[in-house]
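First the structure, in the form of structure tokens, and then the observations on it.
If you read the sequence from its start, that first residue is 1, and numbering goes on from there.
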Amino acid sequence: MPLSAPRGARRRKLRRRADMPLLGGARPPIAALLALLLLVAGATALVLGDHDRTAVDKAVLTSQQRVAEDGALALRASLDESVTDLQRAAALFAGPEAVPADTVLDKLGKVYNKWRGLAVIDPAGGTLLAARGETIPLADALTDKGDRADKSDRADKADKAGNSGKQDGGKGGGATPRLVKLPSGDTRMLVTAALRGGDKPRLLVASGTLNVPGISTGENRSLLVVDSAGTVLAKDGPSIARTAWAKRAAKTAAAAFTKTPEPGGHPGASGRLMGGTDKHRTAVGYAAAGRAPGETSPAGGLGLSVVTSVKVTEDAKAVRTQAFGLVAAAVLLLLAVLVTWVLIRTVQRPLIGLYLESRRLGRGELDRPVRAFRGREPARIGAALESLRGQLLGGRPTRTGRARGGIGTRTTVIVCGVVLLAWAAPLLLLLNRAGSSVAVPKQLVEDQRRRTDTAADRVRKALNEGWADVASVAQIVGAGSEKGDKGDKGEKEAREDADAGSATKAVLQTTLREHTRYRSVYVLDADGKVLTRAGAAPRHPAGRKPYADSVAQLNTSGKEPAVAAYAAVPGGKGRTVVGEYDPQFLISMVTRPGLGQVWLVDDKHRIVAADRQHGFRAFSKLPGKHLDDLVTKARKDTNGTALLHRADGGSSLAAAASFTGGGAVRDLNWQVVSEQPASWLELPEYTAQRHTMLAGLLGVTAAVACLGWLHIIVVRPLRTLADQAEALAGGDRKTVLFPQHHDEAGAVVRNLELIRQQLRTAERPPAGRN
């Protein structure tokens, strides 16, 4: 029997516990806060480890991958331009009458100098009709993917090519470009296009050299172009083809060609690897000159890849942060335990106690007084419950008053938040700062210059290619003028006017449709008057004579730059074909990932274009005197120049490169300037800084999320509950109490509503009494 009483008490206690809500209330946010802080402490100890030389190797490797991607993009763009130029040029010679083969080659030779050999052949009989330059392997030109067809099949293919070219708007209808090996061992890319006109089909064939991209090599850098089998087709720089790791890099690049590129990244597979020994390391980057899914690129299917390598000559000192990470994690563990203990003692336990006391009073157990609670809100509610117990025993309503000292629940939560932020804020804002004294490897500075030089070369070639397209249009317009010279003067003028109004306009519209680089294409007379146009309104200065054959900058102020290619019409009496470049085309030319901010500036250092990510205001100045000085210095160095700029806000890599190589842009004197904060590099100091900031950010997030959750779910309802309890104890019997949530605070509200109903019943006068 003595044991029965304690056993019954245990049963009653378990029943009371079972009636308490398990979801919501103070327990979930407090438990989540403890769990998250433990995870943050573990992550801090893990991510703040020591960083040795491999971290520097990673930064250099990433840079080599970017260099290879630039080279692959430049190679693909150059080959694509060769293909499309030939096919579009062939389409411009289309007409009811066949243009003589020698005339076609002569006109192309005056405009383009990119092809090593040009030929016009009769596909039906394989007869060579005309040729210029080196000898072209005609058997390969007439064979599609090595499949030898008979002569009639060749003629049918040529006819189909010509007909398809007519249907698709005159894009050329040529076969897919392919690589052929000459007896000398050199590799050539063969491009074919259908020459339409007359009764017999003809093929225009061009052979181009497969050169390495326009990237400066130097003593330590090597550059390879490999095919899908890993065979080296072109190379530049020190001889590396015989080393084992170079062969491995070539095979790796070839194997990666078929991989799907990352969305928004390089349009083709790319990667990096480290070769050599510990003392003689070589960083290798490779990138496929492929095409992204859904992208059109004739050269993207050739299976070419670019491999670049550079010797790593610098050894970085290790960055030690392991001890710091362990200490920070240990401090956070102590704070997590302390904050959890405080919240349990001041929030969770008083709330559970209030629930049990209110439940006891609601059930009519009034034999013992309500115990005293610590904390402002729990003390107020406890005093109100004690007053209500007295009223249930027959006493009168009393005002319990406001809080009688003690720390409020909201203050406790705020103090806990401040304690946790005191740990997280220094990590986020102050500790492990890299500063401006970080040792940046010279190779990264050199790679910044090299990539900027590649970007300048890319823009220069694109502008020159645009001028060549305009010049080819001028040749077609000039051919129409020559036909008009056969009649008398009146007939000649009439034919010229008709040509300008119909045939020339059709050529301009075709050019604008097939060249996205232009915003408008038009023809000017000798006085600068627009004769005919296609596209947007011309921005050639009114009343000014056309520029000589070149690419010219038309304005130095305004909302957007105006740049145009001018090509005189042969025998056109001063007439000039003009192609105005779209500003978005210039922006696309200087947009490259991993190069930082990139600007295209004119001879007065005014910004003409900038990368899409950062934007620009046309003709504004460069942001910094060090960039102006760098641009001035770069004009004297044909390979560009670079520097590591150190300032109070941190270091940055800056580079500038001028247009070199002449061409139609020779008078522009433009430059490409780039600047990249050193903090964007994958150096160990900056990696440690980012990891430290990440740990601090995680700590801030955990504290704000969980304590904010606790404030919304518990603190605010608890303050409201204190007001309701005091109002009920003061005699308010009309206000019905509704719980907002199924948690401890809601359970106390339900119990107060039961007490209110009991008090109201007890105070109601008996029935029939006046």
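- With no hydrogens or angles considered, no side-chain donor-acceptor pair links Gln65 and Tyr286 at under 3.5 Å.
- Shown here are the ring pair (Phe, Tyr, Trp, His ring centres under 6.0 Å) partners of Phe585, two or more places apart in sequence or in another chain: Tyr581.
- By the side chain to side chain contact (heavy atoms under 4.5 Å, CB included) test, Leu512 pairs with Tyr518, Val521, Ala534, sequence neighbours left out.
- Shown here are the side-chain hydrogen bond (donor to acceptor under 3.5 Å, both in side chains) partners of Ser472, two or more places apart in sequence or in another chain: there are none.
- In summary, Arg517 and Glu81 engage in a salt bridge, as defined by a charged side-chain N under 4.0 Å from a carboxylate O.
- Screening residues 655-678 for ring pair (Phe, Tyr, Trp, His ring centres under 6.0 Å) gives no qualifying pairs among residues at least two apart or on separate chains.
- Between the side chain of Thr511 and the main chain of Val507, a donor-acceptor pair closer than 3.5 Å is present.
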Practice prompt. Apply side chain to side chain contact (heavy atoms under 4.5 Å, CB included) to Val563 and Leu554, showing your working.
Written response: CA-CA 6 Å; Val563 185; Leu554 304 183; over 6 Å; no

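- Although no hydrogens or angles enter the test, the distance criterion places no donor-acceptor pair under 3.5 Å between the side chain of Asp227 and the main chain of Leu233.
- Remark: Asp667 engages no residue in a side chain to side chain contact (heavy atoms under 4.5 Å, CB included) (not counting sequence neighbours).
- Side-chain atoms of Ser550 come within 3.5 Å of backbone N or O of Ala548 as a donor-acceptor pair.
- No donor-acceptor distance shorter than 3.5 angstrom exists from the side chain of Asp525 to the backbone of Leu531, with no hydrogens or angles considered.
- The number of heavy-atom neighbours closer than 6.0 Å to NZ of Lys529, taken from other residues, nucleotides and ligands shown, is 12 or below.
- The pair Asp629-Lys633 fails the salt-bridge criterion, with no side-chain N (NZ, NE, NH1 or NH2) lying under 4.0 Å from an Asp/Glu carboxylate O.
- Applying the side chain to side chain contact (heavy atoms under 4.5 Å, CB included) rule to Arg66 yields the partners Glu69, Arg451, Pro593; only residues at least two apart in sequence or on another chain are considered.
- Taken from CG in Asn464 to CZ in Arg666, the straight-line distance is 9.0 Å, to the nearest 0.5 Å.
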Practice prompt. Would you sort out whether Asp602 and Gln553 count as a side chain to side chain donor-acceptor pair (under 3.5 Å), showing the intermediate values?
Written response: CA-CA 9 Å; Asp602 61 12; Gln553 182 177 341; 3.3 Å; yes

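- Under the ring pair (Phe, Tyr, Trp, His ring centres under 6.0 Å) criterion, His614 pairs with no residue, sequence neighbours left out.
- For the side-chain hydrogen bond (donor to acceptor under 3.5 Å, both in side chains) condition, the pairs that include at least one residue of residues 583-592, sequence neighbours left out, are Asp70-Arg592.
- Pro677 meets the side chain to side chain contact (heavy atoms under 4.5 Å, CB included) test with Ser679, Trp680; sequence neighbours excluded.
- We find the CG-CD distance between Asp106 and Gln475 to be 10.0 Å, quoted to the nearest 0.5 Å.
- Partners of Glu134 by salt bridge (Lys or Arg N to Asp or Glu O under 4.0 Å), not counting sequence neighbours, listed by chain and number: Arg116, Arg188.
- With respect to Arg76 and Asp80, a salt bridge is recorded, a charged nitrogen being found less than 4.0 Å from a carboxylate O.
- Between Arg450 and Asp453, none of the side-chain N atoms (NZ, or NE/NH1/NH2) sits under 4.0 Å from a carboxylate O, so this pair counts as no salt bridge.
- If you take CG on Asp582 and OG1 on Thr516, they are separated by 8.5 Å, rounding to the nearest 0.5 Å.
- With values rounded to the nearest 0.5 angstrom, Lys505 atom NZ is found 4.5 Å from Thr532 atom OG1.
- In this model, a donor atom of one side chain and an acceptor atom of the other lie less than 3.5 Å apart for Thr62 and Arg272.
- Applying the ring pair (Phe, Tyr, Trp, His ring centres under 6.0 Å) criterion to Tyr566, with sequence neighbours excluded, gives His540, Tyr547.
- Under 3.5 Å, the side chains of Gln448 and Ser674 contain a donor-acceptor pair of N or O atoms.
- By the 4.0 Å N-to-carboxylate-O rule, Arg132 lies close enough to Asp102 to be salt-bridged with it.
- A donor-acceptor pair is defined here as one N or O able to donate and one able to accept, closer than 3.5 Å; such a pair exists between the side chain of Ser620 and the backbone of Arg617.
- Taking CZ of Arg460 as the reference point, atom CG of Leu668 lies at 11.5 Å (rounded to 0.5 Å).
- Residue Leu223 holds its CG atom at 5.0 Å from OG1 of Thr308, rounded to the nearest 0.5 Å.
- In terms of modelled atom types and a separation under 3.5 Å, the side chain of Glu675 and the main chain of Leu627 share no donor-acceptor contact.
- Screening residues 589-612 for ring pair (Phe, Tyr, Trp, His ring centres under 6.0 Å) gives no qualifying pairs among residues at least two apart or on separate chains.
- At least one side-chain heavy atom of Leu524 sits less than 4.5 Å from a side-chain heavy atom of Tyr522.
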Practice prompt. Give the C-alpha distance, both sets of side-chain angles, the deciding distance and a yes or no for side chain to side chain contact (heavy atoms under 4.5 Å, CB included) between Val307 and Val284.
Written response: CA-CA 7 Å; Val307 181; Val284 182; 3.8 Å; yes

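- Between the side chain of Gln64 and the backbone N or O of Val60 there is at least one donor-acceptor pair closer than 3.5 Å.
- Put simply, the side chain of Asp85 never gets that close to the backbone of Glu465: no donor and acceptor are under 3.5 Å apart.
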